**Student:** 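Right, I'll just put the structure down here and ask away after.
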Amino acid sequence: MKAVEIKPNIFCVGAIDEAVRDFHGYVTPNGTTYNNYLILDKQVTLIDTVKHGFARITINNISSLIEPSKIVNVIINHIEPDHAGSIDRIMALTPQATIYITERGKKGLDRHFDTSRWKFKIVKTGDTLNIGKYTLLFIETPMLHWPDSMMTYVKEAKLLISQDAFGQHYATSARFDDEFVTCESMAQLEDSVIDYYANILMPFGQLIKAKISEIQKLGLEIDMIAPDHGIVWRQNSQKVLNMYLDMANGKAELRIVIIYDTMWHSTERMTIPITDGIRDEGVDCKIIKLRATPMSVAIKEFWKSRACLIGSPTLNNVMFPSVAEFLTHLGGLRPKNRLVGAFGSYGWGGGAVKEAYEEFKKMGLEIFEPGLQVMYRPSSEDETKCYEFGKEFAKKVKEYHQRF
Ligand code: FEO
């Protein structure tokens, strides 16, 4: 990716990572980008860096516009290594520059780098920096999604540089949302926004609502949002803000996702009549087999759906390991506003369904009880029970969905 001007004298100078397919356990079938921004003003200012292995690309992009030693200010919005990982390479080229960062950002950076030679200015919400024609306003966003996080608003450009928020793991030569011209490609882009939110930001819905409200109270005019991953929102900045508000308020599709695993196909067989029952109630149903699906995709499908049925065989009196792993991961994301139930096959003692409900209770989710257990392989009588279980669950989901 070459440097691309997104506003007058403001350039995206980041890198495209076409090859990454595993982003700390999060599957990225479309790769990602590491966006950072260079402002050519009286004081040349760089906002964020890139993942360490991509330093050469951003340095080349900066050098295509200006000698890097002329950078006076380096803003670090977020210290996670995919954004601050090249700070040492940048500071080696412009050692006199001042780093603007939150207090917690500085503490984190100290743990990753030898920062003793660098100049810092600690900033907090409301602090501004005039760099010539442009004025930068800093907005702390703690726990969105790390304690250090902040955003930088470029007042005269009506531009919000939002670090991870509003980002997408989407490698593309397009730099702007309005370059996604077909409905299909825009739908794919929006799906990437949901995927990102579900896997990174799901725990922070209340904070997101509060932060968007705070930004609105500040009366900031925003006509462009430039995140640190994926495309820049030039035409749909309000739309992506509303998408975030909707997700923070628990928006989901009237749909049930069955997330299951199976040992000898008995639990898998149960999914067929359960799905028939759900669909006969007019509710869409998506099926995810855990060992055939990356965890982050299962999380996204959970988040998109109003309700979820977990299917697990019993192994040694507890859940099947892949199901237990999924529920542990889901619990950490603190899901809300979803209805859940469980089913599964067992050989003798049982235990998986009971354990799944214990996990649901820990998460504080709305629960559909009782769950359904079948001994060994489902008989035709059991299949009728599965069908009825699916129908009853779907009826409950339709009622529950009306609350939102
Ligand atoms: Fe893209 Fe929180 O790092």
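Counting starts at 1 for both ligands and their atoms, following the listed order. Because only heavy atoms are used, hydrogens play no part in the values below, and waters and symmetry mates are left out as well, while side chains stay in. For clarity, every value in this text was computed on a predicted model and none was experimentally measured.
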**Student:** In terms of ring plane angle, is the pair His78 and His145 parallel, tilted or perpendicular, where the classes change at 30° and 60°?
**Tutor:**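 The arrangement is perpendicular - the two ring planes meet at more than 60°.
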
**Student:** Are Phe404 and Arg306 close enough that some pair of their side-chain heavy atoms sits under 4.5 Å apart?
**Tutor:**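 They are in side-chain contact.
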
**Student:** Go through the structure and list residues passing ring pair (Phe, Tyr, Trp, His ring centres under 6.0 Å) with Tyr170, not counting sequence neighbours.
**Tutor:**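 Result, ring pair (Phe, Tyr, Trp, His ring centres under 6.0 Å) vs Tyr170: Phe180.
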
**Student:** Who are the ring pair (Phe, Tyr, Trp, His ring centres under 6.0 Å) partners of Tyr387, not counting sequence neighbours?
**Tutor:**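 If we apply the ring pair (Phe, Tyr, Trp, His ring centres under 6.0 Å) test to Tyr387, skipping adjacent residues, there are no hits.
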
**Student:** According to ring pair (Phe, Tyr, Trp, His ring centres under 6.0 Å), who are the partners of Phe54, at least two apart in sequence or on a separate chain?
**Tutor:**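 For Phe54, the residues satisfying ring pair (Phe, Tyr, Trp, His ring centres under 6.0 Å) (neighbours in sequence not counted) are Tyr34.
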
**Student:** Sorted by chain and residue number, which protein N/O/S atoms are under 2.8 Å from atom 2 (Fe) of ligand 1?
**Tutor:**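 N, O, S partners closer than 2.8 Å: His78 NE2, Glu80 OE1, His145 NE2, Asp164 OD2.
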
**Student:** For the ring pair Phe166 and Tyr244, is the centre-to-centre distance below 6.0 Å?
**Tutor:**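 Yes; Tyr244 has its ring centre under 6.0 Å from that of Phe166.
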
